[in-house]
Amino acid sequence: APSASDLSATVARAAAALPELEAGAATLAELLNERNGTQAAALAYLEAMAVGVEDMVPVGEAYSWYRRYLLDVYAVYGSVLCGLAVILRTLWTLFWAFGTWLINTLDELTKAPPAGGEGAAADASVAQPAT
C-alpha cells in the first residue's frame with residue numbers, strides 16, 4: 001500500500017523526468033505538505049482502491065450528449081427567438097401594407113379634378129357618343 005512518502009517520491013521522480021514541470025511540482029509539493037495534503041491524498045487513493053472506482057462516472061459520461069452541451073436549452077431559446085422574429089416580421093409587413101394603402105387612399109382623395117383643358121374635353125367626349 002502506498003504511503004505519503006511513496007506519493008512524494010513519485011511526484012519527485014515525475015518532476016525530475018520533466019524539467020519544465022519541476023517548478024510547478026515543487027509548488028504543488030509545498031501546498032500538499034502545508035496541511036498534510038500528501039497524507040490525505042494517499043488515504044484517498046487507498047480508499048478508492050479498497051472500495052473500487054466502478055461507480056465513479058466522469059461528468060461527460062453521466063449525461064447524454066445533448067444534455068452535456070445544453071442543446072435542449074439552446075433549442076428552446078432558438079425557437080423562442082425564431083417565433084419572435086416571425087411575429088415581428090408579420091407585424092412589420094402588416095404595418096407597411098396599411099401605411100401604403102393609407103398613403104395611396106389619401107393621395108387619391110387629395111387629387112383635385114382637372115379644371116378645363118384636357119380633362120373637360122375628355123369628359124365631353126365620354127358624355128356624347130361619336131356619330
Side-chain angles (χ1 to χ4, degrees):
S3 65
S5 60
D6 292 338
L7 188 59
S8 295
T10 304
V11 170
R13 279 195 307 274
L18 300 170
E20 65 271 4
L21 298 179
E22 187 173 359
T27 305
L28 179 63
E30 286 176 19
L31 289 173
L32 287 174
N33 287 329
E34 188 175 288
R35 294 192 177 147
N36 291 332
T38 53
Q39 187 176 17
L43 291 175
Y45 175 78
L46 290 174
E47 184 178 349
M49 290 298 110
V51 174
V53 293
E54 290 82 21
D55 294 333
M56 294 182 179
V57 179
V59 173
E61 301 297 324
Y63 296 109
S64 56
W65 64 272
Y66 57 89
R67 283 193 180 174
R68 191 174 340 146
Y69 297 114
L70 298 174
L71 292 184
D72 51 347
V73 175
Y74 292 135
V76 169
Y77 287 160
S79 61
V80 167
L81 287 176
C82 285
L84 185 62
V86 167
I87 290 170
L88 289 176
R89 174 69 178 159
T90 304
L91 288 174
W92 177 258
T93 304
L94 287 174
F95 286 135
W96 183 265
F98 178 73
T100 304
W101 171 81
L102 184 64
I103 290 171
N104 288 338
T105 304
L106 291 176
D107 188 38
E108 291 294 325
L109 289 176
T110 57
K111 284 184 181 176
E118 293 178 10
D123 288 339
S125 66
V126 170
Q128 297 174 354
T131 55

- [ ] For L71, check side-chain contact (heavy atoms from CB on, under 4.5 Å) against everything at least two apart and list the hits.
- [x] W65, Y66, Y69, Y74
Task: Pairs satisfying salt bridge (charged side-chain N to carboxylate O under 4.0 Å, His left out), at least one member in residues 72-86, at least two apart - done: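 Pairs touching residues 72-86 that pass the test: none.
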- [ ] Using the salt bridge (charged side-chain N to carboxylate O under 4.0 Å, His left out) rule, collect all pairs that involve residues 95-108, keeping only residues at least two apart or in two chains.
- [x]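 Passing the test, one end in residues 95-108: E108-K111.
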Could you list the donor-acceptor pairs under 3.5 angstrom formed by side chains in residues 83-101, with sequence neighbours left out?
from	atom 1	to	atom 2	distance (Å)
T90	OG1	V86	O	2.8
T93	OG1	R89	O	2.9
T100	OG1	W96	O	2.8

